2 protein chains.
Amino acid sequence: MSSDASPAPAKTPVTLRQVAASAGVSVATASKALNGQGRMTAETRERIRETAQRLGFRPNSLAQSLLRRRSFTVGLLTNDTYGRFSLPLMAGVSDALVDAGVSVFLCNVEDDMRLAQLHVEAMLDKRVDGIIATGKRIDRHLPVDLANLRIPVIYAFTQPDPDAVGFESDDAGGARLAVEHFCRLGRKRIAHVTGPASFAVVHERARAYREVLAEHGLPVAEPLLGAWSEAWGHEAVAKLFDGKAGGAGAPDAVFCGNDQIARGVIDALRERGIGVPDDVGVIGFDNWEIVAEATRPPLTSVDMNLSALGREAGLALLSLVGGQPAAPGIRKLPCRLVVRQSCGRPPGG
Amino acid sequence: MSSDASPAPAKTPVTLRQVAASAGVSVATASKALNGQGRMTAETRERIRETAQRLGFRPNSLAQSLLRRRSFTVGLLTNDTYGRFSLPLMAGVSDALVDAGVSVFLCNVEDDMRLAQLHVEAMLDKRVDGIIATGKRIDRHLPVDLANLRIPVIYAFTQPDPDAVGFESDDAGGARLAVEHFCRLGRKRIAHVTGPASFAVVHERARAYREVLAEHGLPVAEPLLGAWSEAWGHEAVAKLFDGKAGGAGAPDAVFCGNDQIARGVIDALRERGIGVPDDVGVIGFDNWEIVAEATRPPLTSVDMNLSALGREAGLALLSLVGGQPAAPGIRKLPCRLVVRQSCGRPPGG
DNA sequence: CTGAAAGCGCTTACAG
DNA sequence: CTGAAAGCGCTTACAG
């Protein structure tokens with residue numbers, strides 16, 4: 001039953017000229033009728049509208065853009081190929097813009113200067129209204145200079161250049177949420193196992209960790225720095241618990257720098273027969289659902305609200321494109337704690 | 001040092017008219033010089049080129065598109081918000097197209113008909129040259145009908161409509177790769193733990209599993225169907241090994257329907273003191289690196305080559321846009337086995 | 001060898 | 001109340 005011929009004749013879209021002809025008016029009048037501009041009898045306007053509708057007329061966005069000097073498109077640059085962070089962010093951006101009729105060009109620039117340059121030029125040639133630059137960490141630049149582009153640029157989850165507008169998650173605030181939650185649950189010896197010193201967020205979160213403990217008069221253990229991996233979580237448990245099995249020095253809570261580390265920690269604790277959350281509570285960071293929900297027990301984790309961050313970035317770009325001024329600088333957006341079972345319940349719970 | 005004023009004056013891009021004026025020729029001549037068209041003295045051409053270069057002229061793509069009836073843009077529809085499958089695919093598409101000067105609009109349609117329709121209309125209005133539809137499983141349609149769009153559509157990793165061109169991974173072939181690998185390693189009792197019956201790929205892969213075992217004269221155990229989760233992997237190990245600890249009936253290899261199941265299987269085996277890969281070999285599916293590399297031992301897995309699939313889809317769309325005919329139907333692209341340590345080494349290795 | 005003209009599909013002053 | 005004209009930035013026959 002399947003034919004080998006090409007389907008549906010490739011008809012060319014109907015133009016305003018055709019609508020005008022069919023309604024017996026000039027293109028100018030047709031244009032004004034459809035855009036609610038000019039003055040004409042309600043009757044004429046309605047007739048033109050109906051004709052357009054009947055013919056399935058949709059204005060050619062390219063022609064409109066040429067005139068209006070706005071293409072209703074923006075470019076989204078990212079080097080997060082793996083996409084754990086970009087994806088929710090992209091979804092947020094896309095959501096914020098689609099309702100304004102703005103479409104998003106996806107530019108995967110990897111860490112390749114040539115590729116990045118190529119994409120930026122393509123965006124400029126296509127006259128995008130603005131660019132959103134995003135990445136996988138907030139302390140590194142994309143491999144391209146976006147500073148003097150004559151179109152607005154918003155940075156999100158990547159290092160902005162000076163005098164630009166950037167959005168990032170409030171990592172210190174997120175860490176606070178986690179550690180304060182442990183305090184509320186009555187945990188007394190809270191450890192911190194996190195990523196490598198080369199990441200700015202490692203220091204931000206560690207600082208908040210120290211501050212909260214100090215505020216609560218609790219002992220501060222030096223944060224353990226390592227890789228962003230499960231394997232490091234495992235190793236860290238050995239460092240934290242070896243020689244003090246169930247003893248006084250052992251932590252009763254571990255705040256982890258990401259969910260993979262947390263998973264390693266939880267697995268290692270289980271292997272040692274240490275109960276989570278009863279003996280030791282664990283909280284992760286990123287709220288990477290597929291990991292957080294598969295740990296046993298399911299992992300409480302700090303969510304960076306990346307899709308909200310994407311939304312904000314999208315709206316900010318829209319406002320810049322619309323000519324609204326914006327003060328340069330970094331805006332930190334709040335994180336949120338997603339409570340599952342790995343952190344325990346309140347003493348009286 | 002940071003100013004609160006808006007940066008860089010928003011200059012308007014230089015036009016061909018300016019280049020022509022500056023070079024002392026007409027716009028027509030300037031256009032021809034830059035496009036290598038028409039005939040003129042090499043000298044004139046060179047002078048115009050230099051002027052364009054000096055002024056930083058870049059042709060307005062919008063104007064070109066209007067004339068050429070080609071926008072050099074395509075739309076990429078996806079409902080895979082989580083992005084485990086889309087991302088490599090998108091990267092592949094983007095790679096294939098960027099060199100042809102074609103940019104990709106990202107349309108996140110979720111499973112929402114209204115959103116999908118909105119995006120498709122935006123794409124049509126922006127006169128994309130074609131559309132690539134992609135999703136998270138090959139036996140479901142996107143929530144929108146792309147059948148009579150008067151522009152070419154390519155389907156990749158989502159259900160195509162009849163008479164369209166679709167790309168998908170050769171799941172049966174992938175399963176074959178895994179099971180044959182076990183056979184080559186001398187495994188004799190190979191089990192299959194996979195996802196729910198509602199997925200077409202579950203049946204495809206199970207069929208291949210049965211075929212290969214039959215070809216090798218090995219016993220076929222009924223595949224165990226469940227969720228695509230670690231938890232199910234755990235559970236399945238209980239079903240496979242309970243009551244036959246180290247005994248004759250227990251499998252010496254498990255081929256899993258995805259990497260999460262495989263991870264659950266490996267964890268459960270370790271908890272039972274069953275050695276992987278010495279006692280039981282395990283192979284997963286998806287080659288989701290972050291999971292495959294974190295299992296202990298690292299997981300051998302079938303990779304669907306999604307970024308290659310994205311490339312092929314991109315190139316196919318380009319060729320359709322260029323007017324080349326393409327026979328409708330589904331093209332299956334080969335998978336590849338990524339060998340790590342969970343499957344064991346050859347008997348003599 | 002080079003330029004004036006027409007046109008892609010639309011919108012927006014400006015006349016009438 | 002409606003239309004002719006000019007123009008967005010470019011390209012491509014067609015004259016000269």
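Quick note on labels: first sequence line is chain A, next is B, and so on, each numbered from 1. These figures come from a predicted structure and were not determined experimentally.
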*Under 4.0 Å between a side-chain N or O of A:N35 and OP1 or OP2 of C:dT11?*
yes

Would you tabulate the nitrogen or oxygen pairs shorter than 3.5 Å linking the protein to nucleotides 2-5 of chain D?
| residue | atom | partner | partner atom | Å |
| --- | --- | --- | --- | --- |
| D:dT2 | OP1 | A:T44 | OG1 | 3.1 |
| D:dT2 | OP2 | A:T41 | N | 3.2 |
| D:dT2 | OP2 | A:T44 | OG1 | 3.3 |
| D:dG3 | OP2 | A:S26 | N | 3.3 |
| D:dG3 | OP2 | A:T29 | OG1 | 3.0 |
| D:dG3 | O6 | A:K32 | NZ | 2.5 |

*For atom CG of B:L66 and atom C1' of D:dT12, their distance in whole Å*: 14 Å

*Taking atom P of D:dT11 as reference, at what distance in whole Å does atom CG of B:L16 sit?*
6 Å

_Parallel, tilted or perpendicular: ring planes of B:F157 versus B:F85, cut at 30 and 60 degrees_ = tilted

*asked:* From C-beta outward on A:R17, which listed nucleotide comes closest to its side chain: C:dC8, D:dC10, C:dT11?
replied: C:dC8

*Would you mind reading off the distance between B:R69 atom CZ and D:dC10 atom C1', rounded to a whole angstrom?*
14 Å

*asked:* Tell me if a side-chain donor or acceptor on A:S71 pairs with a main-chain N or O of A:R127 at a distance below 3.5 Å.
replied: yes

*Separation of atom CD in A:Q64 from atom C1' in C:dC8, rounded to whole Å*: 14 Å

*Under a cut-off of 3.5 Å for both distances of each Watson-Crick or G-U pair, what dot-bracket string does DNA chain D give, using [ ] for crossing pairs and | for inter-strand pairs?*
|||.||||||||.|||

*asked:* Between A:D111 and A:K136, does any side-chain N to carboxylate O distance fall below 4.0 Å?
replied: yes

*Does a nitrogen or oxygen in the side chain of A:R127 sit under 4.0 Å from OP1 or OP2 of D:dC8?*
no

*Got B:V25 and B:I48 here, is their nearest side-chain heavy-atom distance under 4.5 Å?*
yes

*Determine the Euclidean distance between corresponding P atoms of D:dT2 and C:dG9; express it in Å to zero decimal places.*
26 Å

_Spacing of B:L62 atom CG relative to C:dG9 atom C1', expressed in whole Å_ = 12 Å

*Round to the nearest Å and state the distance from A:Q37 atom CD to C:dC10 atom P.*
16 Å

*Any side-chain heavy-atom pair of B:K126 and A:L62 under 4.5 Å*: no

*Are the ring centres of B:F167 and B:Y155 closer than 6.0 Å?*
no

_Spacing of A:L34 atom CG relative to C:dC10 atom C1', expressed in whole Å_ = 11 Å

*Exam field: side chain A:T51 to backbone A:R47, donor-acceptor pair closer than 3.5 Å*: yes

_Any non-hydrogen side-chain atom of B:M304 less than 4.5 Å from a side-chain atom of B:L309?_
no

*Do B:V102 and B:R70 have side-chain heavy atoms sitting under 4.5 Å apart?*
yes

*asked:* If I pick the P atom on C:dG7 and the same atom on D:dA4, what distance separates them, to the nearest angstrom?
replied: 16 Å

*asked:* Without decimals, in angstroms, what is the distance between B:D125 CG and C:dG9 C1'?
replied: 13 Å

